[in-house]
Number of protein chains: 4
Amino acid sequence: MKEYRNKEVLIFQSAWELFSEKGFHDTTISEIAKKTGIGKGTVYEYFKSKEELVQKMIIFNLENAHEESVCSIKGIESPEEKLRIIGKIDIDRGMDILKTMKILQMIDDFDKVNMKNNVFEILNKRFIMIEGVIQEGMEKNIFNVDKSINGTVLYIGTMNNAMMVRNFTEERFVDMDNILEFIITKLKG
Amino acid sequence: MKEYRNKEVLIFQSAWELFSEKGFHDTTISEIAKKTGIGKGTVYEYFKSKEELVQKMIIFNLENAHEESVCSIKGIESPEEKLRIIGKIDIDRGMDILKTMKILQMIDDFDKVNMKNNVFEILNKRFIMIEGVIQEGMEKNIFNVDKSINGTVLYIGTMNNAMMVRNFTEERFVDMDNILEFIITKLKG
Amino acid sequence: MKEYRNKEVLIFQSAWELFSEKGFHDTTISEIAKKTGIGKGTVYEYFKSKEELVQKMIIFNLENAHEESVCSIKGIESPEEKLRIIGKIDIDRGMDILKTMKILQMIDDFDKVNMKNNVFEILNKRFIMIEGVIQEGMEKNIFNVDKSINGTVLYIGTMNNAMMVRNFTEERFVDMDNILEFIITKLKG
Amino acid sequence: MKEYRNKEVLIFQSAWELFSEKGFHDTTISEIAKKTGIGKGTVYEYFKSKEELVQKMIIFNLENAHEESVCSIKGIESPEEKLRIIGKIDIDRGMDILKTMKILQMIDDFDKVNMKNNVFEILNKRFIMIEGVIQEGMEKNIFNVDKSINGTVLYIGTMNNAMMVRNFTEERFVDMDNILEFIITKLKG
DNA sequence: AATGAATGAGGGTTCATTCAT
DNA sequence: AATGAATGAACCCTCATTCAT
């Protein structure tokens, strides 16, 4: 994984909070700088443009989240247990993933090539990791789905959607742990 | 359902295409007016602001889509068949729903009260309609889920996610009809 | 000659005064707008960019000046008299030509193709007009130069330089009328 | 002539190339430092500001050019020959003089007092040197002009203008040696 | 009702200059 | 003496909104 300069990461953190709260267009470079405690021009010492900043920030966040998932299932045997662990992390970081998707939506008219080559590559890594776990579960006759891709979209979609509903309603009547077990049951069933 | 003036609907159509293609901030009122074939000032005869336009447009679209779903399952007995019909419509209009979500993401820093009272209300109607079908299926012992909300987020999430994946990859290797049957199987299982 | 919109010409006039006084980079669009008595955004209704404004302004000025010269020698027989008339106009508008050259200098790293196709084309017209007069004078044995181009650079260069010296020194010890007669004498000699 | 520190001259050389290629405003201190192979801050060890740098650079260049002209005509008797030698040097360094004028144009909104006292003083020296040669030629009945200043603006103007035309057209159809002889003929005639 | 010329607040970006090392 | 990271003033340009016609 790429090495990041100290201040770069600080900028990521401020930008992250502001972007996910107010959106891409309604967050100004000035605000990011102020929140980081640096001058406006300094942001441009680290990023060529606002667009580059948000792209690199997303990559940074996605890479970190993916890294965490990958590490956490190392040495685990059972595919079911793997999925459960990944799910717990997703729940803990749940808001982050939703926010990333939200910010991603806002920039999908950016230079598509960069999107494909950078951001999408990592989203894909995550997709493939989960598909791998489900595939493994199918081979071990633990999961029962006709195609691994179907199980994957079921897992990711249900998790994201549940979190979105929880987020939208603001009331916490959506029990994420219960949802996770429900998904696993369905994948097994 | 609210009555719409002729030109209002024309504006919705232009705005819809532009917003979903270029995003909220990158679409200008000028462009919308031009595409509609009217003057820039005329847009302001129908909508107080760009914000009001996009909110009303989303409501218009969601209401239409919801209406279509509701009508199409009238007179259908089997909950499984109901879900299949709703699913087919969702697939046909699939891109529309994704685009609505995308536009919604972009404006969620708008006046929250309006969001709650207007847009969310309709999203909620749809959620409730599907939850109703699943509840009905549970009572008739056709669907087997512990809570109707879990089945609902599974249905909506998996559908949306599958469409998003299909959309992102651009290749059409995601077979939506297969996904739909997969979801129904899982809800039954 | 191109038709100009009313406000376009007003902008040219303000811009002209500011550019020639303070230079291209040190004149802001805000200042031009203020001097014209219009809003900043209005300038951009007429010109796509500051660069386009200055280019069109130069073309406007050069065309006007050229037009005046061409008209004024219509019906004049003697090449000597033609040159004298052109010279008088040049002296009257002397500062304008210098200022145009000065502004031209400032923008010569602009899109060279446009430069060549637009601005240079008009400068060239003027060069050719004067060369034509000198050529005619050579044929009528009034002017005595080996090549018409030499006479042309002598006329234009001496006039410009004399005006520049007069301009630099600010004292008016350079007598332009005397210079003009001197040039004609030399061309005849 | 003022003594210059080693690095000062190196900065002059980089700045000269960049200013004449890209203009004053489009050349950054960073670029100058980089081209010189020193740090940005170092430039400010030698010059208080960008403005001071360009002024001192112009003075340095003009002094050098003037020095060369003055030396080259030492010991020459004939005023005609003197002018021919100065002309040859001007042709060799021709682009330099034009570039200096160009840069000068760009900075004439600088502190006028400094302009007058420094830059103009040297331009004036050159003017006076040439005027002196022409005056001498008039006294020896070699040159035939009514006022020495007229001959001077004819010489300088025609040379500069011919070089500018040569520069603009990019084709080399302007024969500078021929122009020089033409000027001398006219001054004699 | 319909228009589009006019507006100016606001944001991204640049770059001369400073200063701690 | 030398450096380059940090700064923020300043400017070009966009575009939602207004209003006279």
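Chain letters run A, B, ... following the sequence lines, proteins first and then strands; every chain starts at 1.
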Trainee: Mind calculating the distance between CD (B/E52) and C1' (F/dA16) to the nearest angstrom?
Mentor: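 My rounded result for the distance is 14 Å.
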
Trainee: Would you call A/I11 and A/T42 a side-chain contact if the rule is heavy atoms closer than 4.5 Å?
Mentor: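 In short, these two side chains do not touch, never coming nearer than 4.5 Å.
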
Trainee: Can a side chain N or O of A/T42 be found less than 4.0 Å away from OP1 or OP2 on F/dT7?
Mentor: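 For A/T42, the contact criterion (side-chain N or O under 4.0 Å from OP1 or OP2 of F/dT7) is met.
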
Trainee: Provide, to the nearest angstrom, the distance between the NZ atom belonging to C/K7 and the C1' atom belonging to E/dA6.
Mentor: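 One finds 7 Å between C1' of E/dA6 and NZ of C/K7, rounded.
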
Trainee: I need the CG-P distance between A/L53 and E/dG11, as an integer number of Å.
Mentor: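 For the pair A/L53 CG and E/dG11 P, the rounded distance is 16 Å.
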
Trainee: Does A/E52 form a salt bridge (Lys or Arg N to Asp or Glu O under 4.0 Å) with A/K56? I'd like the steps, not just the answer.
Mentor: CA-CA 6 Å; A/E52 189 188 289; A/K56 289 196 171 170; 3.2 Å; yes

Trainee: Taking any strand in view, what nucleotide pairs with F/dC15 in a Watson-Crick or G-U wobble way, both distances under 3.5 Å?
Mentor: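 Per the H-bond distance test, E/dG8.
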
Trainee: Take the protein atom CD1 of D/I32 and the nucleotide atom P of E/dT17, then report the distance between them rounded to whole Å.
Mentor: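 Value for this atom pair: 11 Å.
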
Trainee: Please tell me which of D/T28 and C/G37 maps to the more 5' nucleotide of DNA chain E, matching each residue to the nucleotide holding its nearest heavy atom.
Mentor: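 Its nearest nucleotide being more 5', the pick is C/G37.
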
Trainee: For a quick check, tell me whether the side chain of C/K40 and the base of E/dG10 share a donor-acceptor pair closer than 3.5 Å.
Mentor: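 Per atom types, the contact qualifies.
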
Trainee: Taking atom C1' of E/dG11 as reference, at what distance in whole Å does atom CD of A/E51 sit?
Mentor: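 It works out to 15 Å between those atoms.
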
Trainee: Searching all strands shown, indicate the nucleotide that pairs with F/dA10 (Watson-Crick or G-U wobble; both distances under 3.5 Å).
Mentor: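 Pairing partner: E/dT13.
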
Trainee: With a 4.5 Å heavy-atom cut-off, do A/T36 and A/V43 have their side chains touching?
Mentor: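 Heavy-atom side-chain distance check fails, nothing below 4.5 Å.
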
Trainee: Starting from the C-alpha separation in whole Å, work towards a yes-or-no answer on ring-ring contact (aromatic ring centres under 6.0 Å, His included) for D/F19 and D/F12.
Mentor: CA-CA 10 Å; D/F19 282 144; D/F12 284 151; over 10 Å; no

Trainee: For residues B/V9 and B/Y4, report the shortest heavy-atom separation together with the two atoms involved.
Mentor: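 Looks like CG2-CB, 3.6 Å.
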
Trainee: Please determine whether a side-chain nitrogen or oxygen atom of C/Y44 lies at a distance below 4.0 Å from atom OP1 or OP2 of E/dT7.
Mentor: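 Indeed not, no polar side-chain atom of C/Y44 lies that close.
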
Trainee: Whole angstroms only, please: what is the CD-P distance between D/E8 and F/dA2?
Mentor: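 From D/E8 CD to F/dA2 P: 12 Å.
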
Trainee: For F/dT21, give the paired nucleotide (Watson-Crick: N1-N3 plus N6-O4 or O6-N4; G-U: N1-O2 and O6-N3; both under 3.5 Å), or none.
Mentor: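 Matched F/dT21 with E/dA2 under the 3.5 Å cut-off.
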
Trainee: Could you state the atom-to-atom distance from CD1 of B/I11 to P of E/dA1 in whole Å?
Mentor: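 Nearest whole value for this atom pair: 12 Å.
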
Trainee: Reckon C/S30 touches a base, only the sugar-phosphate, or nothing at all at heavy-atom distances under 4.0 Å?
Mentor: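 Here C/S30 touches no strand at all.
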
Trainee: How close or far is atom P of E/dA5 from atom CZ of C/F47, stated in whole angstroms?
Mentor: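 Taking CZ of C/F47 and P of E/dA5, I get 15 Å after rounding.
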
Trainee: Reading DNA chain E from 5' onward, which residue's closest nucleotide shows up sooner: A/E45 or A/I29?
Mentor: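 Closest to the 5' end, via its nearest nucleotide, is A/I29.
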
